[in-house]
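The model shown is predicted, which means the values in this text are computed figures rather than measured ones. First listed ligand is number 1; within each ligand, the first listed atom is number 1.
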Amino acid sequence: MHFPTYRPRRLRQSDALRRMVRETSLAIDDLILPLFVEEGENLKREISSMPGNYRFSIDRLLEELKDVSDLGIPAVMFFGIPQHKDEVGSEAYAEHGIIQRAVAAVKNRFPALVVITDVCLCEYTSHGHCGVVEGERVLNDPSLELLARAALSHVQAGADMVAPSDMMDGRVGAIRTRLDEHGFSDTPIMAYAAKYASSFYGPFREAADSTPQFGDRRAYQMDPGNAEEALREVELDIAEGADIVMVKPALPFLDIIYRVKQRFNRPLAAYNVSGEFAMLQAGARLGWLDGERVMWEALLSIKRAGADMILTYYSKQVARALQRPL
Ligand code: PBG
């Protein structure tokens, strides 16, 4: 293997050669597109810090999904933005809430598309926290009942998969039990298993109108300094019945993605979150970065670290690029 016998540059000489020996590549099948849906009609409002991403009313969402399914993107993740918020996030589990109606409409039009719903309370509570609040404390166990109710209502509306993102202890088990009791034992759960308390969620919170009105989420989301704890979180969620586990955010936590894949060898999702997207977009807009190239590099690094699927606001752009003849 010594120079000059082995010359690594021999296989880097052309694009075709590089493609032949590439160890990791992105495929349309890896992509999950997050989408925001709100009440109203004929609304498609761009999220300022996330160019190319919008808040849709249901009618315009259907239009967008025509595009998404034509591009061959297999799955979407829905976030609902209700008109009314209250202390206990009632709209999160209302039979005719925004997310429940959106799911029903979408599954009716696009039965083959995998519809995943984010299960959380923060977009629906007046205080913006992911669970029930007493004073300044977010209570764990009373929140489980509401999360289980929300998950069940999504599945009853037609969701193919639910994705709890709240980080309450025991919520995967509570949701699994509730779904099973109602005959949905075949509906998978994607657990936001290692979800960190991250400032990279900033643009999302603005988009989903879910910024906590007091305090922050550090008493339930994970401390960014911890890796061993992430493995314990994943282990717990698998034991409680998670079918797919997730690490979030992705880029600042590639080591966690790698370790989770090595240790558990389960289907693994990584969430390339709003702030990761916004930062590359901002660099590109300023002319400081080549937007398309940094996109590939970032997403490839997430895949190479071990993710099987990537939730990304780049999904349409990637799918479009992958469809272009080489
Ligand atoms: C809801 C939720 C959040 C994100 C996904 N689900 C926000 C948060 O936890 O504050 C963030 C996604 C993103 O930033 O793209 N709990």
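Within the structure, ligand 1 lacks Phe277 among the residues with a heavy atom less than 4.0 angstrom away.
Regarding atom 4 (C) of ligand 1, its nearest protein heavy-atom neighbour is Lys248 NZ, 2.6 Å. Protein heavy atom at the shortest distance from atom 14 (O) of ligand 1 is Ser274 OG, 2.7 Å. Among protein heavy atoms, the minimum distance from atom 16 (N) of ligand 1 is reached at Lys195 NZ, 3.1 Å. The protein atom (non-hydrogen) at minimum distance from atom 12 (C) of ligand 1 is Phe204 CD1, 3.4 Å. Atom 10 (O) of ligand 1 has Arg205 NE, 2.6 Å as its closest protein atom, hydrogens excluded (heavy atom only).
Between the side chain of Gln13 and the backbone N or O of Arg10 there is at least one donor-acceptor pair closer than 3.5 Å. Proximity of a side-chain donor or acceptor of Ser315 to a complementary backbone N or O of Ile32 within less than 3.5 Å is detected. The main-chain N or O of Arg266 is found under 3.5 Å from a side-chain atom of Lys261 such that the two form a donor-acceptor pair. With hydrogens and angles disregarded, no donor-acceptor distance shorter than 3.5 Å links the side chain of Gln213 to the backbone of His127.
Between Glu123 and ligand 1, not a single N/O pair is under 3.5 Å apart.
For Asp118, every heavy-atom contact with ligand 1 shorter than 4.0 Å involves the side chain, none the backbone. The part of Tyr271 lying near ligand 1 is the side chain, judged by heavy-atom distances below 4.0 Å.
The ligand atoms of ligand 1 that sit less than 4.0 angstrom from a heavy atom of Cys122 are 1 (C), 16 (N). Near Phe79, meaning under 4.0 Å from any of its heavy atoms, are these atoms of ligand 1: 5 (C), 6 (N). Below 4.0 Å from some heavy atom of Gln221 lie the following atoms of ligand 1, by number and element: 8 (C), 9 (O). Atom numbering of ligand 1 starts at 1 in the shown order; those under 4.0 Å from a heavy atom of Arg217 are 8 (C), 9 (O), 10 (O).
Note that Lys195 lies outside the cation-pi zone of Phe253, set by a 6.0 Å cut-off to the ring centre and a 45° limit from the axis.
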Derivation and outcome, side-chain hydrogen bond (donor to acceptor under 3.5 Å, both in side chains), residues Ser126 and Asp86: CA-CA 5 Å; Ser126 42; Asp86 61 28; 6.0 Å; no
Steps toward salt bridge (charged side-chain N to carboxylate O under 4.0 Å, His left out) verdict (Glu63, Arg60): CA-CA 5 Å; Glu63 209 177 272; Arg60 300 295 296 272; 3.3 Å; yes
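For the pairing with Glu38, the salt bridge (Lys or Arg N to Asp or Glu O under 4.0 Å) check across Arg101, Arg45, Lys44 returns one residue only, Arg45.
Gln221 and Ser198 make their closest contact through OE1-N, 4.2 Å (heavy atoms, listed as atom of the first residue, atom of the second, distance).
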